[in-house]
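Structure first, then comments.
Since the structure is predicted, the reported quantities are computational estimates derived from the model, not experimental observations.
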Amino acid sequence: MSTKPGASRLGPSSIPARAGIGLRADHYDAVLETLPPVGWLEVHSENYFGAGGKPLDYLERIRAHYALSLHGVGLSIGSTDPLNQRHLAKLKGLIQRFEPTLVSEHLSWSSVGGRYLNDLLPLPYTEDALDHFSKRVVQVQDALGRQILIENPSSYLQYAASAIPEWEFLTVLAERSGCGVLLDVNNIYVSARNHGFDASAYLRAIPRHLVREIHLAGFTVNRFAGSEILIDTHSRPVDPAVWVLYRQAVARFGAIPALVEWDTDLPELAVLVAEAEHADAILEECHVQAA
Amino acid sequence: MSRLRELQLGFAAAVLDGRSGDFDHQILARGLSGDRRLQVYRNNVALNLHGALAAVYPVVRRLVGEKFFQYAAAQYRIHHPSHSGDLHVFGEHFPYFLETFESVAHLAYLPDVARLEWLYHDVADAARHPALDLAALAEVPAERQGELQFQLHPAARLLKSAFPILHIWQINQDDDAGDASVDLSEGGIQLLIIRRNNLEIEFWPLENGEFTLLQALADQQDFATACERAMAAQPTLDLPACFSRHVMHGALVSFHSLRA
């Protein structure tokens, strides 16, 4: 038996219960040159939908060293349009090629009537929407032949029609569809501040066994006429209040992989690595306390 | 129509088309009005789509300035809404849009500069392909060569412009230290844009006959027809040298016989 020349060498097949970082194009060379001591890497699936070129080439080389998670932002699972089969097929191809440990998408929609808004838009939390979203997750999982994780989004509005709290919607969704939960504690904090609910109570309402991954990121505060709204910009360090919430999440959910995300005003790689080390330190501390 | 679909269509009309109607009645106000909350999503959508366009068209952006580029991007997404969850394909129709956009009608070269930027972006993530199988080509009997069809590398594109767009592109790169101006009367250009195996992208200015040959092959004309067209376009063309250059340098990567 011979190995096909140029066949990809895949690195670790499982993600450790440690912090990882979001891999962005500006850091490709720095990651390959320094191989930073982070537990794993996550990429946006859509950035690798091309047929070839630098993104796939780098990902192949980097995957040889790190376990991987594919995080989608464009599948528009909550849309009432038919599922985008082309998008799904590309995602499936990526999964086959890179064998990620985790594959995730969002509790949101981003297209209707064939038009894409290319943003993570809020769903009304109703029985209808829950039924629709659960069926769509089952469809996606069947097409991909694997479990996916669904992430709670940051939101800037609530619908009058919503009758179910988001934590309950997410829990029932996971139980019905068999998906896992990607809990973004920054998004919980942002939405809690924007809508006036208790972020810690949100954590306590999510059953322990459903959570497979945690996200951490930075937000910005916009103020208008005496009111403020928090925007999930991924442009800053993790906020101290979000670190507090992360400690609570670790205490509740135990040692699970956490990811530091940064997309806008991307700093040097070392800054992300330091954030990941901070997350690891919290994880270790909580475990020492538990032991 | 389901209530969920009705809500999504209402949301899209309010955010994409500015037709809010009474959609903000469906949103809890809590300190900020429903419309102010929708404005956050309008901003996010605009930022994401503008960012996708700016990433593909840095030279156009530099030529028209950031403020005007934002305006053009906003107009573009009204006329050519995004149809994919993959933002990399969003800018595909921008060159065509610029051609019909009256505010830039005085910048006649701008659509072709945009075409060059789109092709640069397009070849960047095109597929790899091994080099042409020379041994197999050598086995084709001479009398059958004329009926062969050749294929361009998946990461190769041809572009012809009446303007010196390569020169314009070059002096608008961040690291350019040359002249800051281009004389439009220096004339047009015929280009092959190709991503090499080392993943670097190259521009090859072509003579008339070369360009005609490759264009005919790209249009799936057989080799005999392509050669005739190339010689008609440039009677002085050294056809064998031209053909072998594009085979050896990887622009032509495969062939098949129509009759086989």
*Are the side chain of B/Arg30 and the backbone of A/His195 linked by a donor-acceptor contact shorter than 3.5 Å?*
yes

_Looking at A/Asp81, is its backbone amide N or carbonyl O close enough to the side chain of B/Gln8 to form a donor-acceptor pair, meaning the two atoms are under 3.5 Å apart?_
no

*Identify the heavy atoms of B/Gly31 and A/Ser227 that sit nearest to each other, and give their distance.*
O-OG, 3.4 Å

Drop me the distance from [X]'s [atom1] to [Y]'s [atom2], to the nearest 0.5 angstrom.
{"X": "B/His83", "Y": "A/Tyr116", "atom1": "NE2", "atom2": "OH", "value": "10.5 Å"}
{"X": "B/Leu7", "Y": "A/Thr80", "atom1": "CG", "atom2": "OG1", "value": "9.0 Å"}
{"X": "A/Tyr159", "Y": "B/His25", "atom1": "OH", "atom2": "NE2", "value": "15.5 Å"}
{"X": "A/Ser155", "Y": "B/Arg37", "atom1": "OG", "atom2": "CZ", "value": "9.0 Å"}
{"X": "B/Gln39", "Y": "A/Phe224", "atom1": "CD", "atom2": "CZ", "value": "8.0 Å"}
{"X": "B/Phe11", "Y": "A/Leu157", "atom1": "CZ", "atom2": "CG", "value": "5.5 Å"}

Among [options], who wins on heavy-atom pairs under 4.5 Å with chain A?
{"options": "B/Ala124, B/Ser2, B/Ala29, B/Ala126", "result": "B/Ala126"}
{"options": "B/Arg128, B/Arg3, B/Arg36, B/Arg77", "result": "B/Arg36"}
{"options": "B/Ser84, B/Pro154, B/Gly34, B/Pro81", "result": "B/Ser84"}

So what's closer than 4.5 Å to chain B heavy atoms on [X]: side chain, backbone, both or neither?
{"X": "A/Leu120", "value": "backbone"}
{"X": "A/Leu56", "value": "neither"}
{"X": "A/Asn47", "value": "both"}
{"X": "A/Ser79", "value": "both"}

Below 4.5 Å, heavy-atom pairs only: which of [options] has the largest tally toward chain B?
{"options": "A/Gly74, A/Pro55, A/Ala51", "answer": "A/Ala51"}
{"options": "A/Ser110, A/Ser45, A/Gly196, A/Pro124", "answer": "A/Pro124"}
{"options": "A/Asn222, A/Leu123, A/Leu121", "answer": "A/Leu121"}
{"options": "A/Pro122, A/Gly50, A/Ala161, A/Gly72", "answer": "A/Pro122"}
{"options": "A/Thr264, A/Thr233, A/Asn84, A/Ile229", "answer": "A/Ile229"}

Within a reach of under 6.0 Å around [atom1] of [X], are more than 12 heavy atoms found that belong to other residues, nucleotides or ligands?
{"X": "A/Arg236", "atom1": "CZ", "answer": "no"}
{"X": "B/Arg19", "atom1": "CZ", "answer": "no"}
{"X": "B/Phe203", "atom1": "CZ", "answer": "yes"}
{"X": "B/His79", "atom1": "NE2", "answer": "no"}
{"X": "A/Asp198", "atom1": "CG", "answer": "yes"}
{"X": "A/Glu268", "atom1": "CD", "answer": "no"}
{"X": "A/Arg61", "atom1": "CZ", "answer": "yes"}

pair [X]-[Y]: side-chain heavy atoms closer than 4.5 Å:
{"X": "A/Trp109", "Y": "B/Leu4", "value": "no"}
{"X": "A/Arg115", "Y": "B/Leu9", "value": "no"}
{"X": "B/Gln26", "Y": "A/Gln158", "value": "no"}

*Do NZ/NE/NH1/NH2 and the carboxylate oxygens of B/Arg42 and A/Asp119 come within less than 4.0 Å?*
no

*Have A/Asn118 and B/Asn48 got a donor and an acceptor in their side chains that come within less than 3.5 Å?*
no

*Hey, mind stepping through A/Lys54 and B/Glu200 against side chain to side chain contact (heavy atoms under 4.5 Å, CB included) and telling me if it holds?*
CA-CA 9 Å; A/Lys54 283 188 181 170; B/Glu200 295 307 319; 3.4 Å; yes

*What part of B/Arg5 is in contact with chain A, defined as an atom under 4.5 angstrom from a non-hydrogen atom: side chain, backbone, both or neither?*
both

_What part of B/Val45 gets within 4.5 angstrom of chain A, counting heavy atoms only: side chain, backbone, both, or neither?_
both

*Determine, step by step, whether A/Tyr48 and B/Asp125 satisfy the side chain to side chain contact (heavy atoms under 4.5 Å, CB included) criterion, reporting the C-alpha distance in whole Å, the side-chain angles of both residues, the deciding distance to 0.1 Å, and the verdict.*
CA-CA 9 Å; A/Tyr48 302 87; B/Asp125 65 0; over 6 Å; no

